Each structure stands twice: as C-alpha cells, then as structure tokens.
Number of protein chains: 2
Amino acid sequence: MPNSPRRKIPEAALIRLPMYLRLLGEVTAQGVTHISSDQLAELAAVNAAKVRKDLSYLGSYGVRGVGYEVAFLAYQIQRELGVNHEWPIVIVGAGNLGQALANYGGFVERGFGLVGVFDTDPSKIGTQVGGICVQHLDELSEVVQTRGVSIGVLATPAATAQEAVNRLVRAGVGSILNFVPIVLSVPRGVHISKVDLAGELQILSYYEQQKVNSLSHIQGTTTSSRAVSA
Amino acid sequence: MPNSPRRKIPEAALIRLPMYLRLLGEVTAQGVTHISSDQLAELAAVNAAKVRKDLSYLGSYGVRGVGYEVAFLAYQIQRELGVNHEWPIVIVGAGNLGQALANYGGFVERGFGLVGVFDTDPSKIGTQVGGICVQHLDELSEVVQTRGVSIGVLATPAATAQEAVNRLVRAGVGSILNFVPIVLSVPRGVHISKVDLAGELQILSYYEQQKVNSLSHIQGTTTSSRAVSA
DNA sequence: CAATGTGAATATATTCACAGCT
DNA sequence: AGCTGTGAATATATTCACATTG
C-alpha cells in the first residue's frame, strides 16, 4: 500500500477537487502533460498556495521545480473522489426538476449513470424520462439493491421529501443530493448535500440589494422602499 | 434611519439566511408567532449560538427572555436579502437544464419572476418554455434594460458560456447563477455563484468511497481496485 | 428567570514565505 | 533556477459561556 491517502480531506479542500479534476481534463484535451500550481490556480481562479495545499492532502504527487503530471494527478484525484468506480444513481421525484435532472446530460457525462426514476403519481409511472421508465416508489428498494445504488437525487415536492428520504435510506442509499428546500433528517453516516436553487438567487439578491443601497447612499436618498414594483 | 444593517454580513452567515427565512415562513403557516434561537436552531439543524450570531448581523431584533417575533424577524431577513423587492430573472440557454429551470416552480414561488429565456439555436427560438417564448440572445440586452433585470441564470453548453456571460454583463446584469461547470471570468463587482451538479455528486462519491475503504480495512482486504465494474 | 447578544476560546480555512528538492 | 510542500501567520467561522436584560 504505497501511498494511501493521509485520511480525511478538509471539507473546504474537498469541494474544490471536482473543479481541479475537470480543469485537468480540459488541459489534457489540449495536449498539456504537465502543469504547475500557478497555472492550475490561474485556471481555477484561486490562490496557488491553496492549490498546493489542497493537492497535498492527496499525497506528494508533484515534482519540485517541474510541477504536476496532469494525467497522474487527475488519476489521483479520481481515485480519492472514488469516481473511477461506477456510481449508479436514482432520482426520486419525476416532476419538473426531476425530469430535468434525468434529461440533463451532465451526470452521465461525468460518469454517473441513471438507473431509476421514481414517483408515486400514477400518471407519471410508465412514462419515459431521460431514457428511463418512471417506476413507482415501491420499486425503489429492489432497484437500489440489484443495481448497487448508493447515491440518490431527491427532487420531490417538499411535503413528501422526508418520506422519500426515509425510503432511500431504508433501501440502502448512503448519500443524497437534495434539491428540496427543506431540512431533512437522516441517520448518522448518511451524507446529504443540499442545493437550494431559490436560496442561491436570494443570496444574489442580497448582493444586488447592496449595490442599490450604496448607490442611494451616495445620492443621499433614503433606503426606504420605493423600488417594489417592476 | 433607525436600524440600518451594520454593513457586510459574513458569507458563512449570509448563506444560512434563506434557510432561516423559509423556516420562519413554515412556522408562521402553523400559527407560531414567537420563536427562540433554540427552536429555530432545532428546525435548521444547526447550533443555537450560530443562529443568534447570524441574526445579530441583522441587528438586535430579539427580546431577552422571550425570543424573536417570527413575522418581524422574517421581515428583517427579507429586507436584508432584498427579497421584498422584485428581482426579475432571465435564463440563458434553453437546453435540457435551461428548460427545466424555466419550468421549475421554485423560483416564482419564492418571488423570482422569469421574464426571458434566451438561446442562439434557431430551432429553439419561438418555442414556449416555462410560459415564456424563447428569444434570440440578441434580444437579451433589450429585455434586461426594459424589465430591469439584474440577475441572470446561465445554463448554456460549456463552449458558449463565457460569451453568454459577456453578453449578460454588457446588458447590465449584475449577478449570475451559473450551472455551467467551467470557471468564468467576470468584471469586478459582478457576482457569480456556481452550482456544479455533477461536482456535487463527485463529492458524495468521495464519502461513499470512504465508507467502502473503511469497510475493506476492517475486513483486511487491500484497497487496490477490484470494484471497477458494476 | 429565560433567552438574547456577544466577548473570549476554539476550530477551520487561507495565505505567506521559504526550506528543500530536482 | 524553479516549483513543491508545509510550517507559521493571518483571517474567518464556530462554539462556549455568561453578563445583561425585558
């Protein structure tokens, strides 16, 4: 076991690994075989020291005075992320967002094969979504077991999300990508990563609001609301 | 100007405000009028001190010994986030993801009205997506100006994403929600928030991989790859 | 007296700066 | 000479713990 990872990668660093991996893929396509932390930092729009520190959690895979071998580094990141294994996924919830995600090519493109789409609405069951026949949620467990699914994508209405999570967990799914903007409870050991689409917009709204505020400050107008209507 | 905010809210706290706001809405619907940091922390699944610290950046809106008045606190968060103003949005890219986002009810539900969907593909232009007629990207500037759009959602293919960003910025958009997994360059002052859907899965893949590794450790098997095929 | 608001303590993340290799 | 890897320094975030207050 020559260089197994030093154990846990800090969350902040982990989040950047997929970006580095993608960038390495891009430069490979351009024929680049070696890259320095400065160059990778430029592409990633981050500090070079951060790149080196992040990569150091994987091991010492660079060469002093030279940089990193792109293919080798990419392999090490893949190995650490576990994406050189297959991770079939299921989507629970075949509404607008669920269908969208099923049709979204980006998952398959980066190695996540969709093996099931589930809903409880009889009018949805049997329809084709993303090349997959929508099945009743009761079939979830069967598919998760037989296909060895450990990651589920949650895109149900808010009201049924917790029940869907319970079923995913009971079926054996160990990680969930949650698009439903509610706080879900999961047993210890189950990872749940949340994407709140409207929440992201609200954060952007804050930044835009700040700009408006600072402008009205300069102009000496009050901050009381006038701009409520479009 | 009685209690204008103390200036910039730390990023880490800002990210949680939309969650608090949503939770306050939920408890309001249940008839709750007052809430303590302990209770809100329970709902949000975070530490109570964190809730108080986060809320303290907005001002002192709690009452010692009592807690926070839900409606008043919600209003203050809304005001701080700027979501009591209208923020019409546009979507650039009417492919799978763009259509999905256009049809996704969650944006409108939380106050973000969709006023334009843009693409350059002639076969897409003129089709109805999310109740909106897809327009050519050349029309972007016109719509942004007349509708006062300051937030754009980016869902183009990777190859055309930077050009689309340039157009958004030139048209006057100040913040961008980016679903395209590439690093984009924007001028100073333009905010760009990134959602890398496949990247999220890769992070989950890491956690699942960790579980596999720790299991094989216990069983004394090597970590060398065998589980590559499904 | 119950719960806020906040300094102080701790933990985590980022950046600097340079010793150590190739 | 050039670039990594990393301790030390700094910055940011979280949590503790309690004085303060309605």
Side-chain angles (χ1 to χ4, degrees), chain A residues 2-3 5-20 23-24 27 32-74 76-77 80 183 203 206, chain B residues 2-3 5-20 23-24 27 32-74 76-77 80 183 203 206:
Chain A
N3 41 22
R6 314 284 167 278
R7 261 298 57 80
K8 267 211 136 184
I9 296 178
E11 168 98 359
L14 176 62
I15 284 170
R16 288 185 291 268
L17 293 182
M19 171 176 60
Y20 298 144
L23 292 170
L24 292 173
V27 300
V32 176
T33 60
H34 290 265
I35 195 167
S36 68
S37 61
D38 273 336
Q39 294 171 307
L40 187 50
E42 162 100 34
L43 295 174
V46 300
N47 182 297
K50 189 185 277 184
V51 170
R52 292 199 297 277
K53 185 78 87 176
D54 287 347
L55 297 181
S56 78
Y57 297 120
L58 307 177
S60 287
Y61 298 135
V63 180
R64 283 157 205 257
V66 177
Y68 302 86
E69 207 218 311
V70 173
F72 184 63
L73 180 57
Q76 293 300 339
I77 296 178
E80 192 62 27
V183 179
I203 292 164
Y206 167 78
Chain B
N3 41 23
R6 313 284 167 277
R7 262 300 53 80
K8 268 210 135 186
I9 297 178
E11 168 98 359
L14 177 62
I15 283 170
R16 287 184 291 267
L17 293 184
M19 171 176 59
Y20 298 144
L23 292 170
L24 293 173
V27 298
V32 175
T33 61
H34 291 264
I35 195 167
S36 68
S37 59
D38 273 336
Q39 293 171 308
L40 188 50
E42 163 98 34
L43 294 175
V46 300
N47 182 297
K50 188 185 277 183
V51 170
R52 291 198 297 277
K53 186 79 89 175
D54 287 346
L55 297 181
S56 77
Y57 297 120
L58 307 177
S60 287
Y61 298 133
V63 180
R64 285 160 203 255
V66 177
Y68 302 86
E69 207 219 309
V70 173
F72 183 63
L73 181 57
Q76 293 301 338
I77 296 177
E80 192 62 29
V183 179
I203 292 164
Y206 167 79

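Given the structure is predicted, the values throughout are model-derived calculations rather than measurements. Atom set for the values below is all heavy atoms of this structure, side chains included, hydrogens, waters and symmetry mates excluded. In what follows, chains are A, B, ... by sequence order, proteins preceding strands, each numbered from 1.
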(message) Can you list everything that forms a side chain to side chain contact (heavy atoms under 4.5 Å, CB included) with Val63(A)? Sequence neighbours excluded, please.
(response) Val66(A)
(message) Restricting to side chain to side chain contact (heavy atoms under 4.5 Å, CB included), what partner residues turn up for Ile9(B), sequence neighbours left out?
(response) Tyr206(A), Ala13(B), Leu14(B), Leu17(B), Tyr57(B), Leu58(B), Glu80(B)
Looking at every heavy atom in both [X] and [Y], which two are closest together, and how far apart are they?
X: Leu55(B); Y: Leu73(B); value: CD1-CD2, 3.8 Å
X: Val51(B); Y: Leu40(B); value: CG1-CD2, 3.9 Å
X: Asn47(A); Y: Ala41(A); value: C-CB, 3.9 Å

(request) Taking side-chain hydrogen bond (donor to acceptor under 3.5 Å, both in side chains) as the test, write out the residues that go with Tyr20(B), two or more places apart. (result) Asp54(B)
(message) Tell me which pairs pass salt bridge (charged side-chain N to carboxylate O under 4.0 Å, His left out) where either residue lies in residues 38-53 of chain A, with sequence neighbours left out.
(response) none
Can you give me the N/O atom pairs linking the protein to nucleotides 17-20 of chain D at distances under 3.5 Å, or say none if there are none?
| unit_1 | atom_1 | unit_2 | atom_2 | d |
| --- | --- | --- | --- | --- |
| dA17(D) | N6 | Arg52(B) | NH2 | 3.3 |
| dT20(D) | O2 | Arg64(B) | NH1 | 2.8 |

(request) Find out whether Leu23(A) and Ile35(A) are in side-chain contact, i.e. whether some heavy atom of one side chain is under 4.5 Å from a heavy atom of the other. (result) no
(request) Would you kindly give the OH-to-P distance between Tyr68(B) and dG22(D), to the nearest whole Å? (result) 14 Å
(request) Give the first and the last nucleotide of DNA chain C, reading 5' to 3', that has any atom under 4.0 Å from a heavy atom of chain B. (result) dA2(C) to dA8(C)
(request) Under 4.0 Å from any atom of DNA chain D, heavy atoms only: list the residues of residues 36-45 of chain A that qualify, in numerical order. (result) Ser36(A), Ser37(A)
